[in-house]
There are 2 protein chains.
Amino acid sequence: MATIAVENYLKHALLLAERSPDGLVPMGELATAMEVVPGTATTMVKALADSGLVLHEPRRGLRLTAAGRRVALNVLRKHRLVETFLVNVLEMDWAQVHAEAEQLEHAISDAVLDRLDALLGHPATDPHGDPIPSVEGTLNSAVYATLATCATEISLRVVRVTDQSADFLTFAEAHGLRPGAVAHVVDRNLPAGLVTLRRPRGKPFALSLAAAGRIWVAPNEAG
Amino acid sequence: MATIAVENYLKHALLLAERSPDGLVPMGELATAMEVVPGTATTMVKALADSGLVLHEPRRGLRLTAAGRRVALNVLRKHRLVETFLVNVLEMDWAQVHAEAEQLEHAISDAVLDRLDALLGHPATDPHGDPIPSVEGTLNSAVYATLATCATEISLRVVRVTDQSADFLTFAEAHGLRPGAVAHVVDRNLPAGLVTLRRPRGKPFALSLAAAGRIWVAPNEAG
DNA sequence: GGATAGATTTTGACAATTCAAAATAAAGCC
DNA sequence: GGCTTTATTTTGAATTGTCAAAATCTATCC
Ligand SMILES: [Mn+2]
Ligand SMILES: [Mn+2]
Ligand SMILES: [Mn+2]
Ligand SMILES: [Mn+2]
């Protein structure tokens with residue numbers, strides 16, 4: 001059985017590898033994600049390489065092996081199904097559940113995972129719109145436009161909020177920016193770094209380009 | 001924050017202290033419960049004593065302090081509420097849930113605990129009839145008769161099954177011996193070490209005195 | 001009252017995970 | 001090409017939790 005530390009390293013390696021064209025994860029990025037000093041990441045990556053869970057390319061970075069990816073996807077599936085459970089069944093605040101899931105993802109057995117999945121009706125995404133890996137180990141990695149990059153003056157549907165910080169999620173929630181919400185970009189002022197939004201029957205409000213970039217959107221078919 | 005190991009030691013210390021008249025837990029019993037060699041228990045108990053969670057009486061045993069008891073009750077509450085959730089909501093096998101709760105009890109925050117408690121309707125006992133400590137830290141330690149000691153030929157209600165092993169629980173379940181079930185002792189043969197039971201509309205069946213001692217019963221008021 | 005058996009403690013060691021700080025490699029810049 | 005900056009690795013040490021085996025108590029039994 002993978003230890004909690006091993007599960008966390010592999011999960012973060014997967015998330016970073018997904019955002020990298022060639023799947024190579026620099027050591028420093030992993031260390032930052034894990035909130036450890038670089039030397040600690042090096043030590044752990046070497047141990048993971050010895051267990052066949054990653055490939056270590058010295059001074060370049062690391063890659064998940066098939067075995068490592070399998071473990072990482074299982075942990076990520078647990079994380080996101082737990083978040084969905086905490087929000088949909090226990091009615092917890094979506095800004096809080098990431099921290100809870102960070103612990104629970106290591107304590108849930110595959111048997112409990114299956115029951116949770118059934119209870120929730122086999123959801124495809126978690127409360128933030130993050131895709132839930134399937135039991136078979138496939139992960140929907142579709143990329144969308146964001147409020148920082150999408151067309152203006154057309155109706156949009158929020159599909160994903162890619163920031164786990166409680167502050168940001170509370171802000172998003174306060175403005176109704178949850179997956180499924182409808183909105184459109186009224187104006188984008190690049191020099192000022194501002195995006196102005198409006199939701200149906202709502203007042204226009206502004207957010208920074210950086211914040212807008214964390215909200216993924218699709219054209220609103222029904223809009 | 002107490003580590004997982006510390007939480008487990010304190011929880012087992014509490015369970016052993018509850019079954020001891022003066023609250024003194026011999027080192028060997030703790031070591032056996034924790035499945036470690038005696039020296040390991042000594043080392044840990046000294047560390048717990050340094051943190052003010054137990055009192056170490058060398059060569060005699062240990063006692064929980066108020067602080068240690070508080071932590072232990074919180075872990076036990078998590079354990080038993082999780083078991084209840086797994087059986088009542090996720091519909092898992094009551095023989096399986098102890099092992100699952102053994103992990104989950106360390107991953108559940110107090111916030112999640114509160115929500116679970118509300119979802120379950122503030123239960124007083126878990127699926128095995130084990131009392132769930134209250135938020136305030138009280139633990140119902142009522143002692144009942146067992147099938148090995150109770151009167152014969154009167155209607156009984158099962159109130160508790162005090163064995164966490166999956167094998168025993170599966171056996172009990174197969175004979176309908178869950179808390180709430182009604183049965184009576186047909187015969188008790190001490191030399192043979194056998195107790196013969198019968199459930200309403202069921203065939204008589206036998207079990208050992210040792211097994212019978214793990215099933216707690218009360219007179220069946222409605223019987 | 002001393003030998004003995006059983007429980008407990010001590011000692012020395014190891015695995016896992018981490019940090020601080022020094023050493024090294026790579027990449028980019030005159 | 002040598003110099004500088006930055007990322008990575010190495011080294012030495014600490015912490016937590018564990019075991020094996022030796023040492024030490026303590027209660028009990030002639
Ligand atoms: Mn985690
Ligand atoms: Mn999420
Ligand atoms: Mn446990
Ligand atoms: Mn129980």
Side-chain angles (χ1 to χ4, degrees), chain A residues 1-13 16-17 19-20 22-64 67-68 71-72 75 102-103 105-107, chain B residues 1-13 16-17 19-64 68 71-72 75 102-103 105-107:
Chain A
M1 262 294 111
T3 64
I4 292 178
V6 165
E7 288 188 347
N8 280 328
Y9 276 93
L10 292 174
K11 188 190 65 175
H12 279 117
L16 293 170
R19 308 258 149 272
S20 136
D22 56 352
L24 188 72
V25 178
M27 201 57 82
E29 285 191 22
L30 183 61
T32 302
M34 285 295 301
E35 301 181 68
V36 294
V37 299
T40 300
T42 300
T43 303
M44 179 56 99
V45 164
K46 282 183 173 183
L48 295 176
D50 285 347
S51 317
L53 296 166
V54 305
L55 249 109
H56 183 200
E57 302 184 14
R59 305 264 165 197
R60 301 202 58 240
L62 57 125
R63 263 172 232 287
L64 285 171
V71 174
V75 177
E102 205 56 49
Q103 304 308 313
E105 66 191 357
H106 312 293
Chain B
M1 262 296 107
T3 64
I4 291 177
V6 165
E7 289 189 347
N8 280 329
Y9 277 93
L10 292 175
K11 188 190 65 176
H12 279 118
L16 293 170
R19 309 258 150 272
S20 137
D22 57 350
L24 187 72
V25 178
M27 201 57 83
E29 285 191 21
L30 183 60
T32 302
M34 284 295 302
E35 299 180 70
V36 294
V37 299
T40 300
T42 300
T43 304
M44 178 56 99
V45 164
K46 283 183 172 185
L48 294 176
D50 286 347
S51 316
L53 295 166
V54 305
L55 250 108
H56 183 199
E57 301 185 15
R59 304 264 166 199
R60 303 203 54 239
L62 57 125
R63 261 173 234 287
L64 284 172
V71 174
V75 177
E102 205 54 49
Q103 304 307 313
E105 65 191 358
H106 313 293

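- A sub-4.0 Å separation between OP1 or OP2 of D/dG17 and a side-chain N or O of B/Thr40 is absent.
- As judged by a 4.0 angstrom heavy-atom cut-off over every strand, B/Thr3 is placed among residues touching the sugar-phosphate backbone only.
- DNA chain D is contacted by both A/Ala41 and B/Glu35; A/Ala41 maps to the nucleotide lying nearer its 5′ end (nearest heavy atom per residue).
- Atoms CD (B/Glu57) and C1' (D/dC25) sit 16 Å apart, rounded to a whole Å.
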Next on the checklist: Run B/Val75 and B/Leu10 through side chain to side chain contact (heavy atoms under 4.5 Å, CB included) and show every step you take.
Outcome noted: CA-CA 9 Å; B/Val75 177; B/Leu10 292 175; over 6 Å; no
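- Distance from the side chain of B/Lys46 is smallest for C/dT10 among the nucleotides C/dT18, C/dT10, C/dT9.
- One atom, CD1 of A/Ile4, and another, P of C/dT17, lie 10 Å apart when rounded to the nearest Å.
- At the phosphate of C/dA16, neither OP1 nor OP2 sits under 4.0 Å from any side-chain N or O atom of A/Tyr9.
- Remark: C1' of D/dG17 and CG of B/Leu30 are 14 Å apart, rounded to the nearest angstrom.
- Using a 4.0 Å heavy-atom distance criterion, B/Gly28 is classed as a sugar-phosphate-only contact.
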Next on the checklist: As a quick check of understanding, evaluate side chain to side chain contact (heavy atoms under 4.5 Å, CB included) for B/Val36 and B/Met44, giving each step before the final call.
Outcome noted: CA-CA 11 Å; B/Val36 294; B/Met44 178 56 99; over 6 Å; no
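- Between the CD atom of B/Glu29 and the P atom of C/dG6 there is a distance of 17 Å, rounded to whole Å.
- Within the 4.0 Å cut-off from OP1 or OP2 of D/dT9, at least one side-chain nitrogen or oxygen of A/Thr42 is found.
- Between A/His56 and the phosphate of D/dT9, there is a side-chain N or O to OP1/OP2 separation shorter than 4.0 Å.
- Between A/Arg60 atom CZ and D/dT6 atom P the separation is 21 Å, expressed in whole Å.
- Summarising the geometry, the separation between CE on A/Met27 and C1' on D/dT10 is reported as 13 Å, rounded to the nearest angstrom.
- At distances below 3.5 Å, at least one donor-acceptor pair connects side-chain atoms of B/Arg63 with backbone N or O atoms of B/Asp22.
- Side-chain proximity of B/Pro38 to D/dT18, C/dT9, C/dT17: nearest is C/dT9.
- Taking only side-chain atoms of B/Pro58, from C-beta outward, the nucleotide of C/dT9, D/dT9, D/dA20 with the closest atom is C/dT9.
- Out of D/dA20, D/dT8, C/dC19, the shortest distance to the side chain of A/Pro26 is found at D/dT8.
- Checking C/dT8, C/dA26, D/dG17 against the side-chain heavy atoms of B/Val6 singles out D/dG17 as nearest.
- Of all non-hydrogen atoms in A/Leu62 and A/Ala13, the two that sit nearest each other are CD1-CB, 4.0 Å.
- One interatomic measurement links the two molecules: CD of B/Glu7 to C1' of D/dG17, which rounds to 15 Å at whole-angstrom precision.
- Remark: the backbone N or O of A/Gly28 is paired with a side-chain donor or acceptor of A/Thr32 at under 3.5 angstrom.
- Of all nucleotides listed (D/dT9, D/dC19, C/dT18), D/dT9 comes nearest to the side chain of A/Arg59.
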Checklist entry - Given B/Glu29 and B/Arg19, is the salt bridge (Lys or Arg N to Asp or Glu O under 4.0 Å) satisfied, shown in steps? => result CA-CA 11 Å; B/Glu29 285 191 21; B/Arg19 309 258 150 272; over 6 Å; no
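- Atom-to-atom, CG of B/Leu53 to P of D/dT16 comes out at 13 Å; the value is rounded to the nearest Å.
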